[in-house]
Amino acid sequence: MALDSRTPSGPIEQLWDRARFEMKLVNPANKRKHDILVVGSGLAGASAAASLAELGYHVKCFCFQDSPRRAHSIAAQGGINAAKNYRNDGDSVYRLFYDTVKGGDFRSREANVYRLAQISVNIIDQCVAQGVPFAREYGGMLDNRSFGGAQVSRTFYARGQTGQQLLLGAYQALERQIGAGTVTMFPRTEMLDLVVIDGKARGIVTRDLNTGRIESHVADAVVLGTGGYGNVYYLSTNARGSNCTASWRSHKRGALFANPCFTQIHPTCIPVSGDYQSKLTLMSESLRNDGRIWVPKKGGDKRAPKQIPEDDRDYYLERRYPSFGNLVPRDVASRNAKAVCDEGRGVGPGGLGVYLDFSDAIKRLGENVIRERYGNLFDMYERITNENPYKVPMRIYPAIHYTMGGLWVDYYLMSTIPGLFVIGEANFSDHGANRLGASALMQGLADGYFVLPYTIGDYIAKNKFDKVDVSHAEFRGAEEGVRAMTGRLLSIKGTRTVDSFHRELGRLVWDDCGMSRTGARLDLAIHKIRALREEYWQNVNVPGGSDDLNQSLEKAGRVADFFELAELMCIDGLQRNESCGAHFREEYQTADGEAQRKDAEFSYVSAWKYKGSDHEPELHKEPLEFEYVHPSQRSYK
Ligand SMILES: Cc1cc2nc3c(=O)[nH]c(=O)nc-3n(C[C@H](O)[C@H](O)[C@H](O)COP(=O)(O)OP(=O)(O)OC[C@H]3O[C@@H](n4cnc5c(N)ncnc54)[C@H](O)[C@@H]3O)c2cc1C
C-alpha cells in the first residue's frame, strides 16, 4: 500500500492556505443532509463536534464517561503552547515549528507541524473568547511560562488546571449545540466496532454501558478523538478509563497504526509506592520553571535532603545541559533520571526517585508567589505523599504519560480508511518520536476547532454516499461480532482477574518497551506477551453479565485490545534499529549516552497493517523529508 500523505506542494508557510483554497466546500444548505459521528468528547472531540455542528452538520457525539466534561483532557495541568510572542522574547511561528520538529527528533511530518504552529495563535483567541480564564500578568495581559525544549516563554496556562479550563470552554460550546439540537450526545456509550461499507467508514457499533444495549449508528463520516493508549502500561498518569479500543478496532478494520513504539515517559511524576497501586500522578512540567532537579553526588547517601550541603549535590541536568538546564525535553530528562538512579544515587524508598527542589525559588520569590503559581499541584503532592513540598523537596520519577503513536492520518487527518478521521492524541500526527510539553492541548484543539472542520467538508463534498441503514449486512455482522466477543469473555470463568492480567502486561511492557529498550528484550517481550494473551483467553474471570452495568466486562474488552497493541509496540520497537526521541534502544547511543538516530535507514513513519491476531502485521513506510529543519544530532547542551 502506498501511503499518500496528500501534503500540498509549495512554500511551507503557504501550504495550509493553499490547501484550504483548493478544498471543495459543502453548500450551507447541504450540510444539514450529512451525519457525522464524533467518538470522544475530550478537547479534540468536543471542539470538533461543536465546530461541525456550528457549521450545520448533524452530529452524534459519544463518550464512555457520564458527561463529556469528564474526559481525560480535564487532567492536563501545565499549559498550552502558542506562538503569540507576547513576551517579545524571540518567539515566532517558525520557532515553534522548529522546536517541535527538533523536539520530535526529526520523526514528524514538517507540513503538519508548520500548520500546527500557525494555528496555535488562533486557539488562544478562540479560548479567550469562550471565557477560558488564562492566567494574567499584573497589567492584564495573558501570562506565559516555559516548558521543556524551548528557550522562549510561550505556554499559556490557568494555574495547574489548564486542561480543565480549556475543556470547560469546549464543553460549553458543545452543550450549546446539544441545546440547539444539532448535536446528540451519547454519554456512557462505548464504541466497540467500526463499520466499513464499500471501502468507506459508514458507522459504528456501540454498547450502552448502563444497560448493555448494543446499537448501530450510520453516518457519512466517523471521527475518532478517543485519546491515547498510555494505559497499556497499566500504571500511567492517564485517567484510569483511557484505552485504545476505538483505535484498535478501527485498526482491525483496515486503518494503519503508526509508530506504536513512540510512547512518552514524563520525568516528573510521584514515584510508585506499592504493588497494588493502580494510578500514577503527574507533577506538571511547569514545576521545572522554578524547581531544581538534583540527587546526592555519592551513591547510598541516606542523609535527609536538607542535611546534604550544596557541594554534595549533583544538579545533573544543569551540569550536563547548561543551555536548557532543568527544561530539557521530557525524553532527555527521563533518561537522565533513570541513569542517576541506576548508578545508585536515587532517593526515597527503593532508590527510584530524584529531588525537585523549590527552596531557591522560595528564597528568591517568596512562598506566596510559588503558591500562586503551583498551589494546587503542591496540595496534591502533599495529600498523596504526606510531605510538605514548601519545606522538603518533592521526590519525582519518570512515568508513562502520553503516546505519540496512533492511527496514521494524512495531511487532512484522514486515516487509511476513507471517511475515518482521527484527531487529538488518537492520531500519530505531529509529535514525532517525542512530544514537547504543552503541545498536546495545542494539537487537540487545532485539529478539532481549525483543521477537521475544513478537511471533513472536502471529503463530504467530493464523495457520494449511498443510502444505508442499520439493517445492512455489515452493521449486522459487526453487531454479531461485538456480542460474540462479550459472550466469549463472560464464558471463560477462569481464576484470574482482568486487573491481574493487565498489571502483569503493564509491567512487562514497562520493563522491555519503556524508558529504554534492547533488541533482545523486545524480542523476548513479544513471546511473553503472546503467552500471556493466550492465558488471558483461557483463564480470565469476568464476573456478572452483559445486560447491565459491568465494569469488569468493560475492562476485559479493553485489556484484550491492549494485549494486541502491546505486541505491535514491541514489533515496531524491534524493527526500528535506531534510537530517536523517546524510543531509546540501548544499542544505539552516542558516546555521552544520547539517542543516536540513523536517518539514512529510519527516516520514516512506520505504519502497520493488521493481518489477523495470529499473523505478523505488515509494515508500510511513509518516508519523511526535511526541507526546512535539517536533521542534526539534537543538542540541548
Ligand atoms: C496528568 C496529565 C497532564 C497533562 N498535562 C498536559 C498539559 O499541561 N499540556 C498539554 O499540552 N498536554 C497535557 N497532557 C496531555 C493531554 O492532556 C492529552 O494528550 C489530551 O488531553 C488528549 O485529548 P484528546 O481529546 O485527544 O483525548 P481525551 O481527553 O483522552 O478524550 C478521549 C475521549 O474519547 C472517549 N472515548 C475513548 N474511547 C472511546 C470509545 N471506545 N467509545 C466512546 N468514547 C470513547 C472518552 O470518553 C473521551 O471523551 C497531560 C496528560 C496527563 C495524563
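Read the numbers this way: they start at 1 and go in the same order the structure lists the ligands and their atoms. All values reported here derive from a predicted model rather than from experimental measurement. Residue indices begin at 1 and follow the sequence shown.
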Side-chain donor-acceptor pair under 3.5 Å between Gln161 and Gln77, yes or no? no
Is the closest side-chain donor-acceptor distance between Tyr157 and Asp143 under 3.5 Å? yes
Quick one: nearest non-hydrogen protein atom to atom 8 (O) of ligand 1, plus distance? Gly78 N, 2.7 Å
Measure the distance from atom 40 (C) of ligand 1 to every protein heavy atom, then report the residue, atom name and distance (to 0.1 Å) of the closest one. Met191 N, 3.6 Å
Can a non-hydrogen atom of Ile80 be found less than 4.0 Å from any atom of ligand 1? no
Does one side chain, of Ser216 or Glu479, offer a donor that lies under 3.5 Å from an acceptor on the other? yes
Please determine whether any non-hydrogen atom of Gly163 lies less than 4.0 Å from an atom of ligand 1. no
Does Gln264 reach ligand 1, in the sense of a heavy atom lying below 4.0 Å from it? no
Look only at interatomic distance and state if Ala426 has a nitrogen or oxygen under 3.5 Å from any nitrogen or oxygen of ligand 1. no
Compare Ala46, Gly225, Ala71 and give the one whose heavy atom is closest to atom 32 (C) of ligand 1. Gly225
Could you tell me whether some N/O pair between Ile423 and ligand 1 is separated by less than 3.5 angstrom? no
Any N/O pair Ala44/ligand 1 closer than 3.5 Å: yes
List every atom of ligand 1 that sits less than 4.0 Å from any heavy atom of Gly42, numbering the atoms from 1 in the order shown and giving each element. 25 (O), 29 (O), 31 (O), 33 (C), 49 (O)
Considering only heavy atoms of Phe62, which atoms of ligand 1 have at least one such atom less than 4.0 Å away? 44 (N)
Under 4.0 Å from one or more heavy atoms of Thr189, ligand 1 contributes atoms 42 (N), 43 (C)
Looking only at protein heavy atoms, which one is nearest to atom 3 (C) of ligand 1, and what is the separation? Leu282 CD2, 3.3 Å
Can you spot which of Arg249, Lys252, Arg483, Arg253 makes a salt bridge (charged side-chain N to carboxylate O under 4.0 Å, His left out) with Asp193? Arg253
Taking atom types as modelled, is there a side-chain donor on Asn81 or Thr155 under 3.5 Å from an acceptor on the other? yes
Could you label the plane-to-plane angle of the Phe358 and Tyr374 rings as parallel, tilted or perpendicular, counting under 30° as parallel and over 60° as perpendicular? tilted
For the backbone of Gly405 and the side chain of Asn259, can you confirm whether one donor and one acceptor N or O come within less than 3.5 Å of each other? no
Within a distance under 4.0 Å of any heavy atom of Ala246, pick out the atoms of ligand 1 and give their elements. 41 (N)
Any nitrogen or oxygen of Asn243, main chain or side chain, under 3.5 Å from a nitrogen or oxygen of ligand 1? no
Among all protein heavy atoms in this structure, tell me which lies nearest to atom 27 (O) of ligand 1, with the distance rounded to 0.1 Å. Gly227 CA, 3.4 Å
Which atoms of ligand 1 are found less than 4.0 Å from any heavy atom of Arg435? 10 (C), 11 (O), 12 (N), 14 (N), 15 (C)
Please check if any side-chain donor atom of Gln177 sits under 3.5 Å from a side-chain acceptor atom of Thr182, or the reverse. yes
Using a 4.0 Å cut-off to any heavy atom of Gly424, which atoms of ligand 1 qualify? 26 (O)
shortest atom 46 (C) of ligand 1-to-protein heavy-atom contact is with Gln65 OE1, 3.4 Å
Taking the side chain as everything from C-beta on, heavy atoms only, tell me whether Ser334 gets closer than 4.5 Å to Gln264. no
Side chain Tyr233, main chain Arg503, donor-acceptor under 3.5 Å: no
Take every heavy atom of Leu43, measure it against each atom of ligand 1, and state whether any distance is under 4.0 Å. yes
Arg188 atom CZ, neighbour heavy-atom count above 12 within 6.0 Å: yes
Can you list the atoms of ligand 1 that are under 4.0 Å from a heavy atom of Val39? 42 (N), 43 (C), 44 (N)
My understanding is that we take every heavy atom of each candidate and find the minimum distance to atom 35 (C) of ligand 1. Doing that for Ala440, Ser73, Gly40, Ser242, which one comes out nearest? Gly40
Give the numbers and elements of all ligand 1 atoms closer than 4.0 Å to a heavy atom of Ser439. 11 (O)
No-hydrogen, no-angle side-chain donor-acceptor test under 3.5 Å, Thr189 and Asp208: no
Donor-acceptor side-chain pairing of Gln443 and Asp447 below 3.5 angstrom: yes
Is it the case that the side chain of Arg115 and the backbone of Tyr411 share a donor-acceptor pair, with hydrogens and angles ignored and the cut-off at 3.5 Å? yes
Which residue holds the protein heavy atom closest to atom 6 (C) of ligand 1, what is that atom called, and what is the gap in Å? Ala76 CB, 3.4 Å
for atom 19 (O) of ligand 1, nearest protein heavy atom and its distance come out as Glu425 OE1, 2.6 Å
Answer yes or no: does an N/O atom from Gln77 fall short of 3.5 Å to an N/O atom of ligand 1? yes
Say whether Ala438 and ligand 1 are in contact under the criterion: heavy-atom distance to a ligand atom below 4.0 Å. yes
Answer with yes or no whether the side chains of Ser153 and Ser146 bring together a donor and an acceptor at under 3.5 Å. yes
Donor-acceptor pair, distance only, cut-off 3.5 Å: does the side chain of Lys60 make one with the backbone of Val183? no
Can you report which non-hydrogen protein atom sits closest to atom 9 (N) of ligand 1, along with the distance? Gly79 O, 2.8 Å
